[in-house]
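What's counted below: heavy atoms across the whole structure, side chains too, no hydrogens, waters or symmetry copies.
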Amino acid sequence: LVLTLALPITLRRAYNDTGAYLNNFLSAPTLIELLSEDLLHLLRNPLFQVYEALIRTFTDNYMVFFMFPAFFVQYSYARFIRKHSPSLVVGVTLYLFLGTYSFSIAAMKQSLAMAVLLYAVDALIERKYVRFFLLVFIAFLFHTYAIAFLILPLFTTKPWTGRTILLLAVVYFVMRNFNPLIESFLEFTNENGKNVSAEEIIGTAAINPTRVAVYAVTPLLALVFRRYLIQNGEDREHNILINMSVLTVAIMSIGLISGANMFARMGQYFEFGLLCSLPWILKRTFEPRSAWVMTSVALLCFLGYFCYANLVQ
């Protein structure tokens with residue numbers, strides 16, 4: 001499975017941001033040049049820069065540059081699905097149909113960060129907090145948006161309680177005061193070396209509401225069937241996974257105002273909670289035969305969304 005998923009990423013020549021990654025790699029300094037010229041900055045993905053320079057030191061073959069992240073990312077993703085989804089087949093199918101695999105082809109830095117963060121989720125489930133924060137920091141060095149994962153320890157309890165309501169209230173407040181809040185945030189990041197122009201977020205395209213609605217299916221099912229799911233609030237693993245699906249929708253909802261790229265990518269850090277919790281919700285809620293029917297219907301609907309997102313939208 002990992003080989004099948006990773007090889008197309010390794011051998012690609014064009015797709016989404018591939019050209020930018022390829023050109024940056026071919027013009028990248030060697031590792032010695034990178035370190036001697038003091039080009040690293042904490043908010044500019046330094047660990048990815050080091051990897052890029054390390055490969056560039058030995059070769060200009062861009063397929064080698066693509067290969068190592070491709071195999072690490074796809075192994076990490078498949079491992080997480082196998083560990084936390086009741087069905088590897090359903091989990092991987094959702095991974096393909098929701099567009100997560102397509103995104104892993106497009107965005108190397110964020111995919112690497114997401115792969116590291118999945119190990120952080122395991123650490124959080126096991127209550128190994130030092131390891132969790134260390135892994136989040138490593139992911140942050142690959143892509144700065146990974147810092148959003150620091151909120152996850154607040155959502156290890158039963159979903160759809162007061163914390164969920166508070167989260168939705170905060171999201172609503174941000175949406176109502178979008179421009180001044182974003183301008184303040186960008187001013188802070190620019191002062192600390194992360195140069196992002198306001199024009200890249202404010203006034204840019206918004207996330208398609210259909211996409212947010214599709215992502216909202218899992219947390220809404222968890223709300224409707226909550227009394228059948230985590231009855232005592234003691235299932236830490238599924239508490240976290242369902243809450244991750246809620247966080248995905250909450251963050252993406254801000255992008256309904258503007259800044260589709262930023263908020264869609266930030267929300268995707270929590271996406272694997274959705275991929276793994278949806279099959280579990282259906283299996284837990286319905287009888288085996290009904291669960292099979294509902295799962296089949298769900299996969300057909302996600303296939304329809306995949307076709308819409310890639311052929312129509």
Output the distance between atom OG (Ser253) and atom CZ (Phe263), rounded to the nearest 0.5 Å. 11.0 Å
Short side-chain to backbone donor-acceptor contact, Asn243 and Thr157, under 3.5 Å: yes
Over all heavy atoms of both residues, which pair between Arg12 and Thr18 is shortest? Give the atoms and the distance, please. NE-OG1, 2.8 Å
From Arg127, Arg236, Arg79, residue fulfilling salt bridge (Lys or Arg N to Asp or Glu O under 4.0 Å) relative to Asp122: Arg79
Taking all heavy atoms of Arg265 and all of Asp17, pick out the closest pair and write down the distance. NH2-OD2, 3.3 Å
So with a 6.0 Å cut-off around CD1 of Ile165, is the heavy-atom count from everything else above 12? yes
Can Val64 be reached from Leu7 by stepping across I, L, V, M, F, W or Y side chains whose heavy atoms are under 4.5 Å apart? yes
Determine whether Met63 and Leu11 make a side-chain contact, defined as any pair of heavy atoms from C-beta on separated by less than 4.5 Å. yes
Please report whether the ring centroid of Phe270 lies less than 6.0 Å from that of Tyr215. no
Quick one: pull up CD1 in Ile251 and CD1 in Ile254 and give me the separation to the nearest 0.5 Å. 7.0 Å
Check step by step if side chain to side chain contact (heavy atoms under 4.5 Å, CB included) holds for Met114 and Tyr269. CA-CA 6 Å; Met114 288 172 64; Tyr269 278 117; 3.3 Å; yes
Side chain to side chain, Phe155 and Leu167, heavy atoms closer than 4.5 Å: yes
Should Phe137 and Ile151 be regarded as members of a common hydrophobic cluster, given that ILVMFWY residues are connected when their side-chain heavy atoms come within less than 4.5 Å of each other, either directly or indirectly? yes
Set out, in order, the CA-CA distance, both residues' side-chain angles and the distance that settles side chain to side chain contact (heavy atoms under 4.5 Å, CB included) for Phe140 and Phe149, then state yes or no. CA-CA 9 Å; Phe140 167 77; Phe149 228 71; over 6 Å; no
Taking every heavy atom of Val249 against every heavy atom of Pro219, the minimum-distance pair comes out as CG2-CG, 3.8 Å
Any donor-acceptor N/O pair, Tyr145 side chain to Gln110 backbone, under 3.5 Å: no
State the CD1-CG distance between Ile257 and Asn177, to the nearest 0.5 angstrom. 10.5 Å
Quick check: closest heavy atoms across Ser245 and Thr218, and the distance to 0.1 Å? OG-CG2, 4.0 Å
Tyr21 and Phe48 aromatic ring geometry - parallel, tilted or perpendicular at 30°/60° bounds: perpendicular
Using residues 275-283 as the side-chain source, report each donor-acceptor pair under 3.5 Å to any protein atom, sequence neighbours left out, with the distance given to one decimal.
{"unit_1": "Ser277", "atom_1": "OG", "unit_2": "Gly273", "atom_2": "O", "d": "2.6"}
{"unit_1": "Trp280", "atom_1": "NE1", "unit_2": "His238", "atom_2": "NE2", "d": "3.4"}

If Ile, Leu, Val, Met, Phe, Trp and Tyr residues are connected whenever their side-chain heavy atoms lie under 4.5 Å apart, and connections chain through other members, are Tyr172 and Met252 in the same group? no
Just by modelled atom types, is the Phe173 backbone N or O under 3.5 Å from a matching donor or acceptor in the Arg176 side chain? no
Show me the pairs that pass ring pair (Phe, Tyr, Trp, His ring centres under 6.0 Å) and involve residues 66-85, at least two apart or across chains. Tyr62-Phe66, Tyr77-Tyr95, Tyr77-Phe272, Phe80-His84
Given Leu274 and Leu94, is the side chain to side chain contact (heavy atoms under 4.5 Å, CB included) satisfied, shown in steps? CA-CA 9 Å; Leu274 184 155; Leu94 288 171; 5.8 Å; no
Would you check if Asn45 and Phe142 make a side-chain contact, meaning some heavy-atom pair closer than 4.5 Å? no
I'd like to know if the side chain of Thr248 and the backbone of Gly267 have a donor-acceptor N/O pair within less than 3.5 Å. yes
Would you say Leu47 and Ile138 make side-chain contact, with heavy atoms under 4.5 Å? yes
Search all heavy atoms of Ala120 against all heavy atoms of Val136 and return the closest pair with its distance. CB-CG2, 4.2 Å
Do Leu152 and Val121 have side-chain heavy atoms sitting under 4.5 Å apart? yes
Is there a donor-acceptor contact under 3.5 Å from the side chain of Ser104 to the main chain of Tyr101? yes
Please check if Val89 and Val293 belong to a single hydrophobic cluster, counting links between Ile, Leu, Val, Met, Phe, Trp and Tyr side chain heavy atoms closer than 4.5 Å. no
Is the shortest side-chain heavy-atom distance between Leu303 and Leu299 below 4.5 Å? no
How many angstroms lie between atom CG of Leu26 and atom CG of Asp60, to the nearest 0.5 angstrom? 6.5 Å
Within the distance-only criterion (no hydrogens, no angle test), does the side chain of Arg163 pair as donor or acceptor with the backbone N or O of Leu154 below 3.5 angstrom? yes
Inter-residue atom distance Gln49.CD - Leu54.CG, 0.5 Å rounding: 13.5 Å
Could you tell me if the side chain of Leu5 sits less than 4.5 Å from the side chain of Ile9, heavy atoms only? no
Keeping Trp160 on the side-chain end and Val224 on the backbone end, is there a donor-acceptor pair under 3.5 Å? no
dist Leu40:CG -> Leu35:CG (nearest 0.5 Å) comes out at 6.0 Å
All heavy atoms of Phe132 vs all of Pro153, minimum pair found to be CE2-CG, 3.4 Å
One pair to check against side chain to side chain contact (heavy atoms under 4.5 Å, CB included): Met108 and Phe65. What are the steps and the verdict? CA-CA 10 Å; Met108 283 182 66; Phe65 172 61; 3.8 Å; yes
Would you indicate whether the side-chain heavy atoms of Ile240 and Thr156 approach each other to under 4.5 Å? yes
If two hydrophobic side chains count as joined below 4.5 Å and joins carry through other members, does Trp292 share a cluster with Val92? no
Going by the angle between their ring planes, with limits at 30° and 60°, are Phe225 and Tyr228 parallel, tilted or perpendicular? tilted
